[in-house]
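These numbers were taken from a predicted model, which means no experiment stands behind them. Note that these values count all heavy atoms, side chains included, but never hydrogens, waters or copies made by symmetry.
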Amino acid sequence: MFPLLRAIVVLLVVLVAAHAPMLLNDGLFMDDWLVLKPRPDYFIDIDFLLNGAGHPIFYSYDTFANWTGAPVAVMVSLAFAGIVLGATSLALTATRLNLLDRAEAVGFALIVWTYPGYQLWAGKANSVYVFSFGLLFVGAGLLTLAFSARGLRRVLLRVACALVFLLSFALNSIIVLYAFVVLGLFVAIWRSGNAAEGFVRRTWFAAWRTALGYPELIMLPLIYWGTLNIWFKRIGVYAQHYDAHLPTLLELVGGWSAFLVTAYFDLLGHAVRAAIRVPTIFILAAVLVGIVLLMLRSDTKPATSRLATIVPLVLAGILFLALSSPYLIAGLRPSSTHFYESRHLLMFGVPMALALLALKRLAERWTIPNTAFAVVFGSGLIMSIGMLWSDYVFMQARTLKQEALARDLAGRVQPAATVYALDDGFVDYPSRHVPFGLAEVTGMLRLAWGNQPFFGFALRAERPDILQGMDEARKAPGSAFHHFDPSGPQATISFQPGPGAAPNQTLVRKYYACRLLARCDVAEFLAQLAQVTIKLGPIAGVLPLDGASKSAVPSR
């Protein structure tokens, strides 16, 4: 087998193994419940994506997924396509440009596309982000082909390149990474210039040729943002959420510090604790990485140039600052404690991979390239894949708990209430758990009892004035919550661990045995997971909604 083809096969096999748990997770998380239909008769109103949030590309993907009748399968396929296409394009482009050897390219791509600081790999609506991230690298690959092409082939490649880049903007912050792609194009044009012209003149002509030679790439983000601001302008809470402002130096330093801690230091700390608590996952990750190391061999001489070591490290720092800046301008920061708040970290595997590349090349000063690759990238991959699997276990356990609750509710006659507080006993269970979001609780109520103006929330996750807050939110322009009604009669759902409850890793292992090996009945397994009771009456600790109806009766 040709060396490059073998390297790509190794890359794809490892990616499929690393992200295989995604294929078994058919659950919805957080805002997934607002835009995707778990079954055809489930009511959603995604117009807010167009008329409030300003996400036309996002809206198109969700509309298509729901139209197929199998939105979960579509979104999982989208995420997998983004991972596979993005990683392959990244590795091929890096080797084609002679930036990395084959082993470095595979290791680099694996770090980027298994980065566990982003915990929402199994999220369904957010798979659009994963796909968009992948499209950026596909566009970069097409751009390298177009650079040396001629005639009709060049025209077609450039049109395809522009279209792919435009679709990648569904993740708005991808434009920052896109700017680095255009910068790379400028560098390529600069290097092809006449060295006798002098640095300043050569740089000026390179910038001029880039702008005139590739006007579609220069204009693309301007056209995209202009279109959003004219026809899909953000309004209401979304305008406030994305209220751009110029941060002070103190805000920038504090924000960059928060991103650094969340994206890397917290990740390392969580990995150490997870390896101590559940070593099996990391042992399996080490076996998988060991196979990679046996199949790959560095095919270059040790990097003796200091520039080859310094450039990736400097670029890692610049990229880190640049990628976090759009979120800091919008006043947003990530969190490692709530999986949903990691959604700002998808692209931060790139600076991590660049830093590891610099360390690998530094290590080559004292050892051979293969050993340096094994030590640096091998250690990084074991941590990444081990934590990735650990997060997949958590997300699968969350899906099982949601399904257990929805099944139990569906088997009951609906009580005379439409507003429900969930007293979630799994918060106290000795295994990682994050309280369900209000979209999740409300979604499970609709899934169980039909399309009624339900409003549900996790009791311990919300403030006492949650009803007032929702009443204001649903009346706001462009709101995603128009079909939520916090004014109806109330009840409290007690959701406590049942006889079949277990720590996440044990729970998921039993579920896989049931589903894949038919060692038990999945329905019975879920029935044993939790004990559910419902108590009618005002919700304790929650302020009543002024003017709320006391006598509303559910339609069924």
Side-chain angles (χ1 to χ4, degrees), residues 89-101 104-105 108 135-169 172-227 300 303-323 325-326 329 347 350-351 353-354 357-358 361:
S89 298
L90 172 57
L92 289 176
T93 302
T95 53
R96 185 182 297 120
L97 297 176
N98 292 319
L99 298 174
L100 307 173
D101 68 31
E104 287 177 337
F108 193 99
L135 286 181
L136 178 86
F137 292 106
V138 173
L142 292 173
L143 183 58
T144 61
L145 294 176
F147 187 78
S148 57
R150 293 293 180 269
L152 180 61
R153 184 170 183 265
R154 178 182 175 88
V155 172
L156 293 176
L157 283 171
R158 287 180 58 168
V159 170
C161 180
L163 179 60
V164 167
F165 279 135
L166 179 65
L167 291 176
S168 76
F169 293 165
N172 293 332
S173 54
I174 208 80
I175 293 178
V176 173
L177 207 53
Y178 170 80
F180 281 86
V181 174
V182 176
L183 178 62
L185 174 64
F186 161 78
V187 171
I189 293 175
W190 184 88
R191 293 182 64 183
S192 65
N194 186 359
E197 293 177 340
F199 178 80
V200 174
R201 184 178 177 85
R202 185 180 181 185
T203 301
W204 168 255
F205 275 112
W208 185 250
R209 289 165 187 160
T210 302
L212 289 185
Y214 295 85
E216 73 278 11
L217 298 185
I218 304 301
M219 296 300 297
L220 203 59
L222 301 177
I223 293 171
Y224 177 74
W225 279 108
T227 301
T300 57
T304 56
S305 169
R306 289 190 176 184
L307 196 62
T309 302
I310 294 173
V311 168
L313 191 60
V314 171
L315 187 57
I318 294 173
L319 263 177
F320 169 79
L321 298 178
L323 291 175
S325 293
I329 291 172
M347 297 180 288
V350 178
L354 284 167
L357 177 63
R361 291 180 174 178

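Side-chain contact between Pro351 and Leu323 is present, with heavy atoms from C-beta onward closer than 4.5 Å. Two residues are said to be in side-chain contact when any heavy atoms from C-beta on lie closer than 4.5 Å; Pro221 and Tyr178 meet this criterion.
Here Leu183 contributes atom CG and Phe180 contributes atom CZ; the two are 7.0 Å apart, rounded to the nearest 0.5 Å. Separation of atoms CZ (Arg191) and CZ (Arg202) is listed at 9.0 Å; rounding is to 0.5 Å. Note that CG of Leu157 is 9.5 Å distant from CZ of Arg154, once rounded to the nearest 0.5 Å. Between Ser89 atom OG and Leu142 atom CG the span is 7.5 Å, to the nearest 0.5 Å. Residue Leu90 holds its CG atom at 8.0 Å from CG of Leu100, rounded to the nearest 0.5 Å. With rounding to the nearest 0.5 angstrom, the CG atom of Leu156 is 12.5 Å from the CG atom of Leu145.
Judged as a side chain to side chain donor-acceptor pair (under 3.5 Å), and not counting sequence neighbours, the contacts of Arg158 are Glu216. Listed by chain and residue number, Leu143, Phe147, Ile189, Thr210, Tyr214, Leu217 satisfy the side-chain contact (heavy atoms from CB on, under 4.5 Å) test with Leu185 (two or more places apart in sequence, or in another chain).
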Discussion item. side-chain contact (heavy atoms from CB on, under 4.5 Å), that's the test. Do Met347 and Leu319 meet it? Break it down for me.
Written reply: CA-CA 10 Å; Met347 297 180 288; Leu319 263 177; over 6 Å; no
Worksheet item: Between Phe169 and Trp225, does a side-chain contact (heavy atoms from CB on, under 4.5 Å) hold up when you go through it step by step?
Response: CA-CA 10 Å; Phe169 293 165; Trp225 279 108; over 6 Å; no
Item to complete: Given side-chain contact (heavy atoms from CB on, under 4.5 Å), test Leu135 with Phe165 step by step and report yes or no.
Response: CA-CA 7 Å; Leu135 286 181; Phe165 279 135; over 6 Å; no
Worksheet item: Does the side-chain contact (heavy atoms from CB on, under 4.5 Å) test come out yes or no for Leu354 and Phe108, once each step is laid out?
Response: CA-CA 8 Å; Leu354 284 167; Phe108 193 99; 3.7 Å; yes
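Contact detail for Leu307 and Pro312: the closest heavy-atom pair is O-CD, 4.2 Å. Considering all non-hydrogen atoms of both residues, Ser168 and Ile174 come closest at O-CG2, 3.1 Å. Of all the heavy atoms in Thr93 and Phe137, the pair that sits closest is OG1-O, 4.5 Å. The two residues Arg361 and Leu99 have their closest heavy-atom pair at NH2-O, 3.1 Å.
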